[in-house]
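Just below is one structure, and these are the notes that go with it.
Values reported hereafter were calculated over all heavy atoms of this structure, with side chains retained and with hydrogens, waters and symmetry mates removed. Just so it is clear, the model here is predicted, and its values are computed rather than measured. Numbering of residues begins at 1 and proceeds along the displayed sequence.
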Amino acid sequence: MASPRNQTAIVTGGARRIGAALVRALAADGWHVVIHCHQSRREADALASEIAAQGGDASVVAADLAAPAAADTIIAATTGAPPLGLLVNSASRFAYDRIEDFAVDDFDAHMAINLRAPALLTRAFAAAVPADATALVVNLLDAKLESLNPDYFTYTLSKIGLEGLTELVARAYAPRLRAAGIAPAVTLVSGPQSRENFDAVHGLNPLRRGVAVDEIVAALRFIIATPTFNAQTITLDGGQRLLGLPRDVAYMVDK
């Protein structure tokens, strides 16, 4: 890959939370960052302004990843920017259901946003990367894939699919594209979780320490800097999979 000083990175869901941390890190490293958002346009614009004030370079594109046309909208927003070098599929729908009661609409929404959108966007990204260049796709997965439990059923299925997509992309587009995953355990308060519940379960692993956003940023930087890291996933869970938890970690304490 060329120096990030003359390349563009796309981060879906880049306006808030983990996505915003990844955007800030990439901009600090010299990438032109395209911040994708859906309903968080105000936060995305504020983040782009923050990056510009610090001497970085960022732009914003709004698109609903549930819409098949979103991929083309996002790629079109890179027109006139430096050549594409990195796609981070960070955006994710996260809603609770079980196999016993999942709704068809919820199933389709998880698949559309968490799996179909990354597939369509990766295809469009690959077509837009210069023919004589190499690039990287990084998918944000979930540490629960190392030790499955039945909670968040359709969300989990979508992440299983995204893990498979990661390997298929690496196979289909080599040597022009690398593909890799980052699979963190619970890192921020998520979904219906309370702050008290998060504090109780964040370090529920053999190391007794929870995953920090900075560690996800470090994993992304490692993958970017390591040209032989391909078709693999970095799991950040403190060894939580060794516990064989029967349920999602949020349901393992009474808080």
Side-chain angles (χ1 to χ4, degrees), residues 1-14 18-19 22-23 25-36 57-59 61 65 68 70-92 114-143 145-146 158-184 215-236:
M1 295 175 65
S3 165
R5 295 287 172 182
N6 57 3
Q7 286 190 298
T8 292
I10 300 169
V11 181
T12 67
I18 292 171
L22 299 177
V23 166
L26 292 169
D29 291 345
W31 296 84
H32 168 76
V33 187
V34 175
I35 306 167
H36 159 265
D57 190 14
S59 57
V61 58
L65 293 180
D72 291 337
T73 298
I74 294 169
I75 295 300
T78 68
T79 302
L84 288 170
L86 174 64
L87 168 62
V88 182
N89 287 306
S90 176
S92 184
N114 297 359
L115 181 55
R116 186 181 70 192
L120 290 172
L121 188 51
T122 298
R123 182 173 69 181
F125 174 80
V129 171
D132 60 348
T134 58
L136 170 63
V137 178
V138 178
N139 295 321
L140 267 289
L141 302 171
D142 192 306
L145 298 183
E146 293 284 342
S158 70
K159 290 297 186 178
I160 291 171
L162 187 58
E163 183 179 45
L165 175 66
T166 304
E167 179 168 340
L168 292 175
V169 168
R171 289 179 179 273
Y173 288 108
R176 293 184 60 242
L177 296 189
R178 289 190 290 133
I182 303 172
E215 294 170 335
I216 300 174
V217 169
L220 177 61
R221 282 174 163 154
F222 168 80
I223 293 169
I224 292 169
T226 310
T228 53
F229 193 90
N230 187 37
Q232 296 169 276
T233 295
I234 296 175
T235 299
L236 302 170

Heavy-atom pair with the smallest gap, counting every atom of Leu115 and Ser158: CB-O, 4.2 Å
Using 0.5 Å steps for rounding, measure from the CG atom of Leu236 to the CG atom of Asp142. 11.5 Å
Ignoring hydrogens, what is the shortest heavy-atom contact between Val217 and Ala25? Give both atom names and the distance. CG1-CB, 3.4 Å
Are any non-hydrogen side-chain atoms of Ile75 and Leu84 less than 4.5 angstrom apart? yes
Within the distance-only criterion (no hydrogens, no angle test), does the side chain of Arg221 pair as donor or acceptor with the backbone N or O of Asp29 below 3.5 angstrom? no
Inter-residue atom distance Ser90.OG - Ile10.CD1, 0.5 Å rounding: 13.0 Å
Walk me through whether Ile18 and Leu22 qualify under side-chain contact (heavy atoms from CB on, under 4.5 Å). CA-CA 6 Å; Ile18 292 171; Leu22 299 177; 4.2 Å; yes
Can a donor-acceptor pair be found, under 3.5 Å and without considering hydrogens, that links the side chain of Arg123 to the backbone of Ala71? no
I'd like to know whether Val138 forms a side-chain contact (heavy atoms from CB on, under 4.5 Å) with Ile182, so could you lay out the CA-CA distance, the side-chain angles of the two residues, the decisive distance to 0.1 Å, and finally the verdict. CA-CA 7 Å; Val138 178; Ile182 303 172; 3.9 Å; yes
If you compare all heavy atoms of Lys159 against all heavy atoms of Leu140, which two are closest, and at what distance to 0.1 Å? NZ-O, 2.8 Å
Euclidean distance, Leu86 CG relative to His32 NE2, rounded to 0.5 Å: 12.5 Å
The single option from Asn89, Asn139, Thr122, Thr233 that satisfies side-chain hydrogen bond (donor to acceptor under 3.5 Å, both in side chains) with Thr166 is Asn139
Checking the side chain of Thr8 only, and the main-chain atoms of Pro82 only, is there a donor and an acceptor separated by less than 3.5 Å? yes
Any side-chain heavy atom of Tyr173 sitting closer than 4.5 Å to one from Val137? no
Any Leu65 side-chain heavy atom under 4.5 Å of Leu120 side chain: no
From CD1 (Ile234) to CZ (Phe229), nearest 0.5 Å: 4.0 Å
Pair His36, Leu121 - check side-chain contact (heavy atoms from CB on, under 4.5 Å), show working. CA-CA 12 Å; His36 159 265; Leu121 188 51; over 6 Å; no
Specify the closest pair of heavy atoms between Asn230 and Ala179, including all atoms of both residues, with the distance to one decimal. OD1-N, 3.0 Å
Verdict with reasoning, Ile35 to Val11, per side-chain contact (heavy atoms from CB on, under 4.5 Å): CA-CA 6 Å; Ile35 306 167; Val11 181; over 6 Å; no
Evaluate the side-chain proximity of Ile224 to Leu220: yes if any heavy-atom separation is below 4.5 Å, no if none is. yes
Of all heavy-atom pairs between Thr12 and Ala91, which one has the smallest distance, and what is that distance? OG1-N, 3.0 Å
Scanning both residues in full, the closest heavy-atom pair of Val23 with Gly14 reads CG2-O, 3.6 Å
